[in-house]
Amino acid sequence: MPGFGSKDIEVIVEPLHLAISGKRETNEDKENGKMICSESRADQIFRVLDLPSVVDASKVRTSLKDGILVVDLPKAQNAEKGRVEPIAA
């Protein structure tokens with residue numbers, strides 16, 4: 001996830017699914033004499049993964065460092081939906 005910050009990423013955990021989405025936008029304006037240049041850029045990602053077994057959403061841990069998102073998904077018997085915020089390392 002190079003270029004994305006922890007505030008740009010959303011991780012949603014369900015008992016048998018993991019959804020990762022991210023969006024970032026950048027705007028750059030340059031002025032050189034009479035010439036004005038304006039550039040806009042938007043990047044968006046979305047991935048949904050089917051998990052092989054039920055996970056406990058309350059114990060899921062995430063970290064983001066150097067563009068690498070690590071998601072720790074411990075197995076559980078009785079799990080519910082939950083949202084997890086990535087922690088910048």
inquiry  = Using the rule given for side-chain contact (heavy atoms from CB on, under 4.5 Å), can you reason through Phe4 versus Leu69, listing the C-alpha separation, both sets of side-chain angles and the distance that settles it, and then say yes or no?
reply    = CA-CA 10 Å; Phe4 286 85; Leu69 177 65; over 6 Å; no
query = Leu18 versus Val48: any side-chain heavy-atom pair under 4.5 Å?
reply = no
task = Provide the full list of salt bridge (charged side-chain N to carboxylate O under 4.0 Å, His left out) pairs with a residue in residues 17-26, sequence neighbours left out, each pair given once.
result = Lys23-Glu25, Arg24-Asp43
With Ser53 via side chain to side chain contact (heavy atoms under 4.5 Å, CB included) - residues at least two apart = Lys75
inquiry  = Just verifying a value: how many Å separate Ser63 OG and Asp72 CG, rounded to the nearest 0.5 Å?
reply    = 9.0 Å
ask   = Which value, rounded to the nearest 0.5 Å, describes the distance between Ser21 atom OG and Gln44 atom CD?
value = 8.0 Å
key: Nearest-0.5 Å distance that lies between atom CE in Met1 and atom CD1 in Ile68   = 12.0 Å
Nearest atoms (heavy-atom pairs only) where Leu64 meets Ser6 = CD2-N, 3.5 Å
Ile36 side, atom CD1; Asp29 side, atom CG - distance, nearest 0.5 Å = 8.5 Å
ask   = Heavy-atom count around Asn27 CG within 6.0 Å, excluding the residue itself: above 12?
value = yes
ask   = Rounded to the nearest 0.5 Å, how far does CG of Leu16 lie from CG of Leu49?
value = 12.5 Å
ask   = Once you round to the nearest 0.5 Å, how far does CD1 of Ile12 lie from CD of Glu10?
value = 4.0 Å
inquiry  = Working note: Val70 + Thr62, criterion side-chain contact (heavy atoms from CB on, under 4.5 Å); need CA distance, chi angles, decisive distance, verdict.
reply    = CA-CA 5 Å; Val70 176; Thr62 61; over 6 Å; no
